Amino acid sequence: MDTFSHAAWGYAVLRWRGPKTARIGALTGAAPDLLYFIPSKIEQMAEKGWPALLLERRPGIWRIDGPPLPPDLIEAYNTYYVYTHSLVILALVLGVLALMGKHSWLWLGVPYLLHIIIDLPTHERYLTPIFYPLWDWKFIGISWSDPIIFWPNLIALVVVYSWIWKHYRTVN
Ligand SMILES: [Zn+2]
């Protein structure tokens, strides 16, 4: 799914814990993408300078029949994406946080987990290796840019946010 939707779902899923936690939830919901995209952009900038920051429009890039993936995206996948989109790594991080007694932080695992679960069926390229590094299993889904995913997702967000707005506008 696109990073904006991940952030929106991250906010929605933690809204019941208050607006502040929900805002952190939005960031955590987007985190699996930010954590692979930002370091790889910094690396490219160190190599090529500021032009690396320009976001090229690459139509159809996420479709199975789209143009070939550029090398920088393939490198970002192998170096970062496989780690930031793994349930195994998430479980390890949450386990460490639990051992450290940071129990209130564990809620932030929910938007992160939701991101990985949503990505699994909505990628047909750049597949989400949920069991990495234990098992290389991947699922070929339908790209989030396909109208049969894109519009229902948008409608679901509008419905959920209308409810949130109605329900919480008088609470806090
Ligand atoms: Zn993702």
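For ligands, and for the atoms within them, numbers begin at 1 and follow the listed sequence. Note that the structure is a prediction, hence the values are computed from the model and not measured.
- For the pairing with Tyr126, the ring pair (Phe, Tyr, Trp, His ring centres under 6.0 Å) check across Trp144, Tyr77, Tyr80 returns one residue only, Tyr77.
- Residue contacts to the Zn ion (ligand 1): His123 brings no N, O or S atom closer than 2.8 Å.
- Not one N or O on the side chain of Arg17 forms a donor-acceptor pair closer than 3.5 Å with the backbone of Trp107.
- One of the N, O or S atoms belonging to His85 lies under 2.8 Å away from the Zn ion (ligand 1).
- Its N, O or S atom nearest to the Zn ion (ligand 1) is what matters here, and for Asp119 that atom is OD2.
- The aromatic rings of Tyr83 and Tyr132 sit perpendicular, their planes meeting at an angle over 60°, well past the 30° parallel limit.
- Of all N, O or S atoms in Asp33, the one lying closest to the Zn ion (ligand 1) is OD1.
- The side chain to side chain contact (heavy atoms under 4.5 Å, CB included) search around Ser143 returns Trp62, Arg63, Glu124, Ser145, not counting sequence neighbours.
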